[in-house]
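Both counts, for ligands and for their atoms, begin at 1 and track the order of listing.
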Amino acid sequence: MRKLPLLFVGAVVGALGCGGGSSGPPAETDDDFPLPLAAGMAPTPPMGWNSWNKFGCNITGDFVKRTADAMVSTGMKDVGYQFINIDDCWSLATRGADGSLQHDPARFPDGIKPIADYVHGLGLKLGIYGDRGIETCGHRAGSEGHEVQDAMTFESWGVDYLKYDNCPDPGADPGPRIQPQFQAMRDALDGLTRPVVYSVCAWSFYEWATRIGNLQRTTSDIKNEWPSIVANLRQNQNVAAYGGPNHWNDPDMLEVGNSDNGAGEVTDVENQSHFSLWAIVSAPLIAGNNLFDPNMSPATKTILTNKEIIDINQDAMGLQGVRIWEDGSQSLWGKPLNANGARAAVLFNEGAAAVDMTVKFADLGLAPGSAKVRDLQAHTDLGTFKDSFTTSVASHATATLRIVGNEPPRPKGSTFLSEQTPIYAANGLGPVERDMNNGATAAGDGMPIKIRGQTFDKGLGTAAPAAVIYRLGGKCSRFTAQVGVDDATAGQGSARFQVLADGEMLFDSGNVNSTSPAAAIDVDLTGKRRLKLLVTNADDGSAQDRASWGDARVECDP
Ligand code: GLA
């Protein structure tokens with residue numbers, strides 16, 4: 001685990017709610033904020049409700065319609081929830097004479113189309129559930145061999161979202177066997193005129209799923225138990241570099257509010273943490289609770305409809321928040337937001353007692369100096385603080401903050417990226433290293449960067465999947481580096497290096513492994529505002545995918 005740096009208690013330098021206050025020259029600003037929303041079907045993480053977590057197979061068409069009503073009357077629709085998703089058990093085990101999927105007449109006597117019409121009439125969208133195999137997990141007919149027919153059936157009903165499941169249990173190492181089945185439904189959906197959001201539910205992260213789905217499950221099924229919620233959060237975070245518009249990592253649906261029946265498994269404090277953490281990691285916000293009064297408690301409703309926290313989830317910059325550090329049972333999570341100098345931060349205390357926790361602004365990729373801090377749970381401006389902010393965080397609680405300071409200075413002259421502050425750094429194993437390779441676990445645990453015997457004193461040590469973003473301020477002309485799988489992997493590992501600027505792909509190494517020669521990058525950055533270094537898994541991921549960027553440097557105006 002990376003050691004927490006020395007705690008600095010932030011000094012209040014301004015009155016509550018006051019802005020500015022920083023000394024020194026005014027920082028250069030990016031003048032392209034706000035960035036526009038991405039195109040596509042899921043430019044931000046999908047938001048909605050799904051029947052499974054609370055109700056399992058115990059659903060009816062009437063219940064789904066009343067839940068849609070509740071999504072409107074509770075105010076959930078107003079804060080962005082959109083999809084009403086019917087999970088497993090809406091259909092029969094056998095197909096009709098024409099081979100088509102059949103709704104279960106006992107649960108959905110009028111079929112699915114009237115429900116879709118009803119939901120659409122409320123300004124909402126309808127989701128349904130299917131399966132890549134011969135049967136669903138609830139032993140209803142699966143779509144294997146019927147993908148086109150089923151997609152057309154869904155379209156004829158007016159379905160807007162398909163969650164596509166992974167039964168029957170595919171056994172060990174299933175990736176290559178299940179990929180064609182998920183792809184077959186992708187192809188079938190592509191043949192429709194109706195846009196359908198595609199939720200790939202393959203129970204684990206697969207790189208191919210990021211190209212097939214609009215969201216991809218990274219975990220096994222969540223349970224309404226605190227350890228399960230935390231485990232899914234952790235499992236989802238190593239692949240943060242893959243999260244983004246139209247391909248969101250999905251640590252599974254929300255359990256917020258599912259202890260309202262008195263079972264008491266998860267407390268309101270834990271539910272708030274669950275929601276804040278799902279929000280900052282840009283997870284789809286699919287509620288899974290009973291929305292009816294009085295089943296949905298005021299506390300649950302407050303959590304689920306917190307617009308300020310939803311805003312950090314739906315932020316158009318489209319980055320998955322990352323765990324910036326973890327020290328024992330405390331961690332800091334951060335995410336750049338779509339405004340100059342703006343970051344979301346969640347301080348998370350998994351420990352058994354309250355503890356003072358500190359977010360250093362530099363850890364969020366901000367320049368040192370003052371920043372305004374707002375508490376998004378309390379909807380309160382806390383003031384302007386210098387360099388850091390410290391607050392007490394209760395056991396299993398979070399502090400959910402919006403922090404607005406100064407972007408780090410752009411690079412000046414000819415400079416190594418290892419001497420710059422990235423505004424975002426996601427990495428598969430431990431932190432991104434400066435001037436050493438990635439040692440896989442803790443900060444500073446690497447060795448000198450070495451690619452096919454050549455040592456580099458300067459550079460970045462990443463481990464796939466990684467994404468590192470630097471601001472350029474439109475003042476740089478060139479990026480150069482020598483990249484490859486580091487010699488430290490001793491003949492193993494593979495990776496794919498890509499360089500993007502303002503969303504444009506400037507370099508793509510293709511898949512390389514530990515015997516591929518170092519690839520030379522030399523790309524033009526003229527006028528670009530943000531440089532993104534991306535490393536993806538050339539295969540489905542290995543602890544040896546340690547990817548080094550030797551001599552990574554930019555040429556910029558003085
Ligand atoms: C799987 C999925 C769940 C749910 C059930 C339904 O377990 O992962 O989210 O859809 O099937 O049977």
Evaluate Trp52 for polar contact with ligand 1, using N/O atom pairs at a separation under 3.5 Å.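 N/O-N/O distance below 3.5 Å does not exist for this pair.
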Give yes or no for whether the N/O distance cutoff of 3.5 Å, strictly under, is met between Asp252 and ligand 1.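 No: no nitrogen or oxygen of Asp252 is under 3.5 Å from one in ligand 1.
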Suppose we measure from [atom] to each protein heavy atom; which comes out shortest, and what is that distance?
atom: atom 3 (C) of ligand 1; answer: Asp221 OD2, 3.4 Å
atom: atom 12 (O) of ligand 1; answer: Asp88 OD2, 2.8 Å
atom: atom 2 (C) of ligand 1; answer: Asp165 OD2, 3.2 Å
atom: atom 10 (O) of ligand 1; answer: Asp87 OD1, 2.7 Å

Between [X] and [Y], does any side-chain donor sit less than 3.5 Å from a side-chain acceptor?
X: Ser100; Y: Gln102; answer: yes
X: Asn249; Y: Asn236; answer: no
X: Asp69; Y: Tyr118; answer: yes

For [X], the ligand 1 atoms whose distance to one of its heavy atoms is below 4.0 Å:
X: Lys163; value: 3 (C), 4 (C), 9 (O), 10 (O)
X: Cys137; value: 1 (C), 11 (O), 12 (O)
X: Arg217; value: 8 (O), 9 (O)

Which label fits Trp49 and Phe55: parallel for a plane angle under 30°, tilted from 30 to 60°, or perpendicular past 60°?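 Rings of Trp49 and Phe55: tilted, 30 to 60°.
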Taking the inter-plane angle between the rings of Trp226 and His396 on a 0 to 90° scale, is it parallel (under 30°), tilted (30 to 60°) or perpendicular (over 60°)?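 Answer is parallel, since the angle falls under 30°.
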Is Asp363 salt-bridged to Arg343, going by a charged N under 4.0 Å from an acidic O?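 Here Asp363 does not pair with Arg343 in a salt bridge, since their nearest N and O are not under 4.0 Å apart.
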Proximity to ligand 1 by part of Cys167, non-hydrogen separation under 4.0 Å: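 For Cys167, no heavy atom sits under 4.0 Å from ligand 1.
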Using the side-chain hydrogen bond (donor to acceptor under 3.5 Å, both in side chains) rule, take Ser259 and Asn224 through it: C-alpha gap first, then chi angles, then the decisive distance, then the call. CA-CA 8 Å; Ser259 302; Asn224 185 31; 3.2 Å; yes
